Amino acid sequence: MKNFLQGMHTVMRRELTAYFATPVAWVFIVIFTMLAAAFTFYLGGFYQRGLADLDPFFRFHPWLYLFLVPALAMRLWAEERKSGTIELLLTLPITMSQAIVGKFLAAWLFLGLALALTVPIWFTVNYLGDPDNGVILAAYIGSWLMAGAFLSIGSCMSAVTRNQVVAFILAVVVCFGFLLSGLPLVLDSFRAIGLPQGFVDGIANISLTVHFDAISRGVLDLRDLIYFALVIGFWLTSNLIILQLRKAD
Amino acid sequence: MIEAQSLTRHFGDLVAVDGITFTVDTGQVLGFLGPNGAGKSTTMKILTGFLPPTSGTAIINGYDISNDSLAVRREIGYLPEGAPLYGEMDVIRFLQFVARARGFSGAEAERKAAAAADRLNLKHVLKQRIETLSKGYKRRVGLAQAILHDPKVLILDEPTDGLDPNQKHEVRELIRNMSEHRTIVVSTHILEEVDALCNRAMIIADGKLVADDTPAGLIERSRYHNAVTLSVTDLQAAASVLSKLPEAAKVEVRDGEITVFPQPDTHLLLAVNRVIAEHGWQVHTLRLEAGRLDEVFRNITREAEPQEAAA
């Protein structure tokens with residue numbers, strides 16, 4: 001276990017250094033915080049609502065992540081394969097799972113940092129009114145978990161191809177599917193064609209939005225946490241299998 | 001020490017490596033030769049644990065690549081083809097990353113990285129981003145990461161490919177200096193390199209092992225081995241005289257030179273000298289051929305082809 005953590009930590013540290021050695025980190029953070037603010041104030045009507053909460057802020061996170069997380073994830077494996085560094089990395093005494101988890105955690109921590117940099121909006125709402133800070137904290141955690149789920153999908157898609165653009169598009173499509181499956185638009189049409197309620201609930205249940213909404217209402221239910229853990233675990237395991245099959249192609 | 005036992009690797013229908021068996025002992029520098037696509041790189045990728053073999057296995061310093069991959073990877077230093085590196089990192093951080101990945105931590109990792117950089121004369125570029133370095137420096141960084149943990153087995157895939165003659169010379173010196181107490185496998189398609197660097201040469205073609213010899217042994221297989229080449233004023237006359245020598249098997253005139261091929265176990269050069277003195281020819285050049293490695297290489301690898309087609 002200690003060895004696993006050490007190898008994983010080495011990979012994670014290298015990845016994090018790489019983010020900040022290239023424009024990736026700075027561009028991502030600037031765009032993410034700017035878009036988050038723009039959505040909150042313009043689309044979300046933060047001031048007009050006259051309510052002291054951050055719902056207009058969190059409501060747009062799934063859509064923000066839909067494009068930004070695949071953009072961050074697309075390089076994870078596609079770049080290694082294209083440049084050949086995957087051969088360097090995987091002939092070091094590091095296992096493939098260590099490499100996958102290390103890379104995933106680096107990107108996830110980085111997303112956490114970007115999310116943490118939106119904290120001024122939390123201060124703002126506290127200055128303007130008296131929000132329920134427990135709900136806001138829960139929503140932050142939910143948002144980060146959802147980002148992790150998107151990221152695991154993106155990481156897996158990045159292992160499918162050595163072309164980063166293809167990896168990006170695949171990830172957006174799969175993430176979009178996971179988002180849509182919880183929307184009334186989709187669920188109602190399943191109901192309309194007469195599918196049993198159990199099936200419709202199942203579709204709703206694999207949706208990221210349903211679980212994110214649950215958490216952002218301020219309830220950290222164990223079932224929602226398990227859901228995110230399962231999603232991340234599933235996609236990272238798929239990532240491992242795909243990489244084993246395709247690393248040399 | 002490397003013991004490969006019927007290593008085989010398929011890619012779909014393509015057989016990239018076809019039942020290769022060989023042993024390399026400590027202290028040997030093995031030159032791995034073959035045309036492009038012959039299976040050199042694939043064999044190296046299998047030995048270093050990047051690719052699993054389809055069948056067969058290899059034992060490296062007592063560890064089996066199939067079920068002890070991590071232990072094998074600890075024993076080996078590997079320079080992959082084209083020396084891929086993380087371009088956005090600076091040299092010293094990259095080497096420290098490799099040191100940590102190899103299990104060194106804290107101050108020891110830093111010490112190992114600095115020592116490797118020192119051995120490859122990277123002191124002046126430690127803080128430079130790898131992608132801004134010249135090709136020669138990049139290759140040195142690749143070699144530095146390969147030798148960082150003082151491995152007993154070094155596997156270098158085309159270490160001098162794409163370098164200028166000075167850089168090639170430098171890299172060969174480095175490899176030669178490291179060869180004591182180590183097992184080194186170097187793949188190349190530069191034939192002089194084998195002669196300059198290796199004490200053993202293996203040629204593979206179409207995934208099969210077709211020759212395993214010393215470089216000198218390979219050169220002796222050349223029909224040019226111990227042939228005499230000379231140029232004189234009257235080529236045709238000289239050629240007809242030389243072809244009558246009992247020591248001469250064959251005479252060829254090409255590019256203003258005559259090459260006389262010897263009968264086995266004869267002293268052709270002495271005989272040619274005698275004839276020159278007898279006829280009082282004006283000789284512009286005269287040389288005893290050692291043999292031509294490129295010709296041996298062509299013959300051996302071409303022989304392998306029809307067999308493959310028939311199979």
Side-chain angles (χ1 to χ4, degrees), chain A residues 1-28 75-103 106 110 162 164 240-241 243-249, chain B residues 9-12 16 41-42 44-52 63 65 68-90 92-106 109 129-131 141-142 145-146 148-149 151 153 155 157:
Chain A
M1 191 60 195
K2 182 172 167 277
N3 285 339
F4 183 88
L5 290 180
Q6 196 186 4
M8 187 202 77
H9 179 252
T10 304
V11 174
M12 188 179 87
R13 189 164 156 187
R14 196 212 75 76
E15 285 284 311
L16 276 174
T17 324
Y19 287 136
F20 289 96
T22 57
V24 170
W26 311 111
V27 170
F28 187 90
R75 54 166 286 283
L76 284 176
W77 291 103
E79 193 180 43
E80 296 261 2
R81 279 176 58 193
K82 184 135 198 167
S83 69
T85 46
I86 188 168
E87 201 173 333
L88 188 81
L89 181 65
L90 296 180
T91 52
L92 289 169
I94 283 180
T95 63
M96 209 181 277
S97 352
Q98 285 173 324
I100 288 172
V101 177
K103 273 169 169 283
F110 176 73
R162 53 170 64 210
Q164 296 196 30
L240 179 72
I241 294 165
L243 209 56
Q244 258 158 359
L245 293 174
R246 311 204 52 153
K247 62 183 175 184
D249 292 358
Chain B
R9 172 75 201 196
H10 297 233
F11 290 108
S41 289
T42 307
M44 292 185 145
K45 283 175 187 170
I46 296 172
L47 292 178
T48 53
F50 183 63
L51 284 179
Y63 302 104
I65 55 162
D68 220 347
S69 177
L70 276 184
V72 167
R73 285 186 253 163
R74 277 189 205 102
E75 295 290 311
I76 291 181
Y78 176 40
L79 177 74
E81 190 177 2
L85 301 163
Y86 291 110
E88 77 281 356
M89 297 180 95
D90 61 39
I92 191 68
R93 282 205 185 155
F94 171 72
L95 292 176
Q96 286 167 355
F97 157 69
V98 174
R100 279 191 293 268
R102 293 223 169 259
F104 302 107
S105 49
R129 281 160 77 103
I130 291 172
E131 63 197 359
V141 176
Q145 67 79 23
L148 183 135
H149 56 302
V153 177
I155 296 185
D157 199 351

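These numbers come from a predicted model, not from an experiment. Each chain gets a letter, A, B and so on, in the order its sequence line appears, and its residues count up from 1.
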Closest non-hydrogen atom pair, B:R129 against A:A21
NH1-O, 2.8 Å
Under the 3.5 angstrom rule, does the side chain of B:R73 hit a backbone N or O of A:L90 as a donor-acceptor pair?
yes
At their closest point, which heavy atom of A:L92 faces which heavy atom of B:V98, and how far apart are they?
CD2-CG1, 3.9 Å
Name all residues meeting the ring pair (Phe, Tyr, Trp, His ring centres under 6.0 Å) criterion together with B:F11; count only those two or more places apart in sequence or in a different chain, and write none if there are none.
none
Measure B:Q145 against the heavy atoms of chain A and call it side chain, backbone, both or neither at under 4.5 Å.
side chain
Does any donor atom in the side chain of B:E88 or A:Y19 lie under 3.5 Å from an acceptor atom in the other side chain?
no
With a 4.5 Å cut-off on side-chain heavy atoms, are A:R14 and B:M89 touching?
yes
Return the CD to OH distance between A:E80 and B:Y86, rounded to the nearest 0.5 Å.
3.0 Å
State which residues pass side-chain contact (heavy atoms from CB on, under 4.5 Å) with A:Q244; sequence neighbours excluded, sorted by chain then number.
A:M96, A:L240
Contact origin within A:T91 toward chain B - heavy atom pairs under 4.5 Å:
both
I'd like to know which of A:L88, A:L89, A:V11 tops the heavy-atom pair count under 4.5 Å against chain B.
A:L88
Taking every heavy-atom pair that is under 4.5 Å apart, which of B:A101, B:G87, B:P52 has the most such pairs with chain A?
B:A101
